Every structure is written in structure tokens, then in C-alpha cells.
2 protein chains.
Amino acid sequence: MEGANEAGRAPRATASLHQRIVADVEGKIVSGEWPPGARIPFEIELCDFYGCSRMTVNKALGRLVDAGLIERRRKAGSFVSRPRSQAAVLEIHDIRAEVAALGLPYRFEITARARRSARSVDLGRIDLAGGAPVLALRCLHFAGERPFCAEDRLINLSAVPEAATEPFEDLSPGAWLVARVPWTDAQHRIGATNAARAVAAVLGIDVGTACLTIERRTWRAGEAITSVELTYPGAAHRLVARFTPTS
Amino acid sequence: MEGANEAGRAPRATASLHQRIVADVEGKIVSGEWPPGARIPFEIELCDFYGCSRMTVNKALGRLVDAGLIERRRKAGSFVSRPRSQAAVLEIHDIRAEVAALGLPYRFEITARARRSARSVDLGRIDLAGGAPVLALRCLHFAGERPFCAEDRLINLSAVPEAATEPFEDLSPGAWLVARVPWTDAQHRIGATNAARAVAAVLGIDVGTACLTIERRTWRAGEAITSVELTYPGAAHRLVARFTPTS
DNA sequence: CCGGCCCTCATGTATAGACAAGTCGCGGCG
DNA sequence: CGCCGCGACTTGTCTATACATGAGGGCCGG
């Protein structure tokens, strides 16, 4: 049976067989040839078509399940998924990288730093018991000479005690945390607000200017690590997310 | 060899063996026990540990490669990946679903509709040759009696000719397109703007109120399908993205 | 001492066979 | 006529085996 490899199409691929099956099926789906809800051929039929064993087809279809392109039910067969919602992969670059992408020199300043017990005003921002030790930081990121983004961060010192003594001279708090602390969950809330007086003064913009705000919280195994609010002058910044179904 | 299944830990799982291996290795990585760059045990060693065949371990590690958690090199072994950038999966729900999640009744109105040849002003919004037929729509989405979101859309009629005669009575243009037209690429740009007079009037807000704008363009196999600009009153709406490394 | 060749090792891919677990339908029984 | 049970079908999982591929490291010769 191993000799029947070229069944059905050109054997050109340097890619492996199961990769080719993935690509073929994916092509049929995204082209619309197999619309959402359609049944795709049974494993056995694909085995015949590609002249391979069931394991190979099974592996390919398993990947498509992982990718969310198909769903499978015993006895019934495999079906093209109905997209439930659009999804976009939003890459959260390091701010240094964002600025570098603009071709401008980057620097940041820590403008406020306080170690304290979590107050009630903090509790809405980070999952902590009252009184837990936190590090509160304010930080301003510059692109060239202009303020690019204002950062207001809380770090849970129970989870990251080393942060208490870290000077944050070379790495910004965000970059330092990403490099040091693994996380298992993150939540982002993205919104638009009119700049209040304090924010406007810091960013050098007029009061009321629309600003993009990103609030990010991260956890590791259920324990809050950090919560950060980033405020970008709205007219000057866009978040960009590109997405293809299979990345 | 099949009898040695409980080697090393609780056999509690109803899950399959390769799923348990995935979960275990993932746990070691996200907990920091195996930091980025660390070599994880060879397949053979994991086979011994779990008392299973190499194929089973191979399948588990293959999934972790897909998920981006590890990288593998022949002869050298498998290594925990260094995270390149943070990423968040941003779910773009149907607007009807967003409103339903608020517990409010949903409806929408088409407020403007024009079939025309693409003008120069359109070309910045959608990848088309000048003169190609487009359908320009404006649509207002309501949550209860209050405007929730303003939509300004262009549809490429060369790619989606059926749109020309579609009345968009039951389904909003966005929902209609998602259900009907598969896409292969999407790009989102998210920003904040101060409401101009026209937008403010439509949304029933004050001029200058910060608004969240989402510009989404979709393509199928390189051909532009549609481009849409959604404007949400900023104070009233937050985009939420949750993310866990292995989804 | 340096360079090239080859052996070895780990992963990558694929096979055939086996059994388990849902599930759809048909046929027989009440 | 209706309903239930069983068998058949499809996917899910796993094993044992085999060969290919790529890369590291050591050995041997110049």
C-alpha cells in the first residue's frame, strides 16, 4: 500500500503527507467549497484518496480540530465548524518595540513608586485580599521627546517579591515582568476615554482628547501577578491585529 | 508494558494518556519549573515515565509544538520556547450577541445605502481598483432604545455580488457576511477618536466624547471582501480579550 | 592541530493492527 | 404500531515497528 502514494495528485511536496492533508482540507474550507456544516469525507475515504493509513489522516484531522476548523462526532463523521465569532490575535508588543517600529528613540521614566498594603481602591484593579503588599508604579514611555504612553501598574509582591527591590533602570516594569514571571491567564479590556486633567498634563495633550486605554491583568495559576493600565494619546496610536484562520 | 500506567502520579484522569502528558508538561512550563530554554526529557524518558509507547509521547509533544510552548531539534532534544511577544485572542462577537450579553433588546437600522463605483475616498479603505462596484452602507445598532454602535461599511461587489440585492432586513450586514462569505485574512485597527459632529448626532452623545473605533478589513485569497468602521461611544463599551497560553 | 567523515542518537513520519466508546438505525418483539 | 436493544459504523486512542532525517560528537588521517 505504501507504493500508492501518488494517488490523486502531484507528489511534489517536500511537506509531509499529513501536512498536505491539513492544507488540502483547510483549502476546501476557506475557499467555501466545503461550507460550514458540511460533512467532510470519512477517514477511510481520505485514506483511499491519499493512499495512506488511517493514523495519518487521523493526525491531520486532529490538528484541524485543534485549530477549530472542524468538529468530529463518532458514527456521524467530521463537519466543518460554524464560526461562532470572529477572533483576532492581538499581539501585545513590548512598548520599546512599538516605538522602535516607528523609528524613534525610546526611553522611559519611573515617575512614581510606592510599596504599600493594598487599599480598597486597588482591589477593583487586582484580585487581592485587602492588606496584601503591592508595588504601585507610574511610568511614562517616550517616543523621541514626546510622551508615547502612560503606564499605571500594580504588582502583587506576594507573587513577585523580587520586584520590591528591582530598580527598573534598564528594563521597564512590563518588560521585566514578561522576562521573569510566567503567566497562565491574561485579560485585556480596551476602551476609549477622554483625557482627564492629570493624564493630559503627563502626556502633553489637551484635556478631553480621546485616549485609548488598555487594562491588562495577568495571573499565574489563579494568583494575580500584575494589573496595568496603559493610556495612549488616541489620535497618535492604533492597535493592530492581523488574523488568518490557521495563523 | 501497558501495566505500568500509574508510574509516578495519581492515575485519576478520565482524560486520555496523551492529554495528560500535554497537561503535565504544560504545567511544568507555566509554573516555571521548566524555564524557557530548558531541555525537557527525551521522548524515550517520558515513555518510561508514563509507561507508554513513543507514538503517544510524540503526539503530546507535537501538540505542544503547535501551541508554541516548546521547540524540538533532532538529536538535541526538546526545549521550552522563549516567549517572543505577548498575544491576546480578541474575540469579535457579533454585535447582536454583544447587546444580548448586556440583557438588552437588539435591533438595527440601515440608515444609508448606495451602490456606486469606488471613488478615490474609498480606495484608502479597501483594496480595489478605482471604478470597481462597491456597496456603501451605514448602519446603526441599538441596545434597547439607545444607539450602541455606528457602522460604516464598504462591500466589494465583485467579490460578493449577492450583496447588491440583499435587503439586510433580518441579518445585519456584518452577520450576513460572516455567515455567507468565508475569509482568509482579517486586519483590525483599534483606536480612540473624539466624536465629530456627525457621529455625535447619530450616536446621541456630545461632540468630543471619546469613542472606540474598530476598523476591520477582510480578504479572501487576496481579494478584498469588505471594510468596516465601527464606532462605539467610548465610556459605554469595552473590548475584552481573555487569553491563556493553550486556549 | 585541524578538518572531514561516519556513527549514533533523537526526532519526524508513516504503517498495520487492535480495542474502546459513542451513536445512528434497523429489525424484532411486545 | 411503537419502542427497545443490538449491531454496525465512525472516531478515539494506543502499540509495536520501521525507516528517514538532521545534527552532534568523536575518531582518524593529513
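The model shown is predicted, which means the values in this text are computed figures rather than measured ones. In what follows, chains carry the letters A, B, and so on, assigned in the order in which the sequence lines appear, proteins first and then strands, with residues in each chain numbered from 1.
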With sequence neighbours left out, what residues match [X] under side chain to side chain donor-acceptor pair (under 3.5 Å)?
| X | value |
| --- | --- |
| S227(B) | none |
| R189(B) | E215(B) |
| E229(A) | none |

So which pairs with a foot in residues 51-62 of chain B pass salt bridge (charged side-chain N to carboxylate O under 4.0 Å, His left out), sequence neighbours left out?
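Counting only pairs at least two positions apart or across chains, the salt bridge (charged side-chain N to carboxylate O under 4.0 Å, His left out) contacts touching residues 51-62 of chain B are E43(B)-R54(B).
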Enumerate the salt bridge (charged side-chain N to carboxylate O under 4.0 Å, His left out) contacts for residues 158-169 of chain A, please, sequence neighbours excluded, ordered by first and then second residue.
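Every pair satisfying salt bridge (charged side-chain N to carboxylate O under 4.0 Å, His left out) with a residue in residues 158-169 of chain A: E162(A)-R180(A).
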Decide, yes or no, whether a salt bridge links E109(B) with R107(B) under the criterion of side-chain N to carboxylate O below 4.0 Å.
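Salt bridge flag = yes for R107(B) with E109(B).
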One thing to verify: whether E71(B) and R39(B) come together as a salt bridge, which I'm taking to mean a side-chain N less than 4.0 angstrom from a carboxylate O.
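No, no charged N to carboxylate O under 4.0 Å.
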When you measure from the side-chain N and O atoms of [X] to the phosphate of [N], is any distance below 4.0 Å, counting only OP1 and OP2?
| X | N | result |
| --- | --- | --- |
| S16(A) | dT13(C) | yes |
| S78(B) | dT11(C) | yes |
| T56(A) | dA14(C) | no |
| Q19(A) | dG12(C) | no |

Among all residues two or more places apart in sequence or in another chain, which pass the salt bridge (charged side-chain N to carboxylate O under 4.0 Å, His left out) test with R220(B)?
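Applying salt bridge (charged side-chain N to carboxylate O under 4.0 Å, His left out) to R220(B) gives none.
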Rounded to the nearest angstrom, tell me the gap between atom [atom1] in [X] and atom [atom2] in [N].
| X | N | atom1 | atom2 | value |
| --- | --- | --- | --- | --- |
| R72(B) | dG24(D) | CZ | P | 16 Å |
| H18(A) | dT11(C) | NE2 | P | 16 Å |
| F42(B) | dG12(C) | CZ | P | 13 Å |
| K59(A) | dT11(D) | NZ | P | 19 Å |
| L64(B) | dG12(C) | CG | C1' | 16 Å |
| L17(B) | dT15(D) | CG | P | 7 Å |
| Y50(A) | dT15(C) | OH | P | 13 Å |
| F79(B) | dA23(D) | CZ | P | 13 Å |

Give E45(A) one of three labels, base, sugar-phosphate or nothing, depending on what nucleic acid heavy atoms sit under 4.0 Å from its own.
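Counting heavy atoms under 4.0 Å across all strands, no contact is made by E45(A).
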Using a 4.0 Å cut-off on heavy atoms, which residues in residues 33-40 of chain B reach DNA chain D? List them by number, or say none.
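Going residue by residue through residues 33-40 of chain B, none turns out to have a heavy atom under 4.0 Å of DNA chain D.
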Residue pairs involving residues 158-177 of chain B (criterion ring pair (Phe, Tyr, Trp, His ring centres under 6.0 Å); sequence neighbours excluded)
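Every pair satisfying ring pair (Phe, Tyr, Trp, His ring centres under 6.0 Å) with a residue in residues 158-177 of chain B: F168(B)-W176(B).
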Where do N or O atoms of nucleotides 18-27 of chain C meet protein N or O atoms at under 3.5 Å, pair by pair?
from    : atom 1 : to     : atom 2 : distance (Å)
dA21(C) : N3     : R74(A) : NE     : 3.1

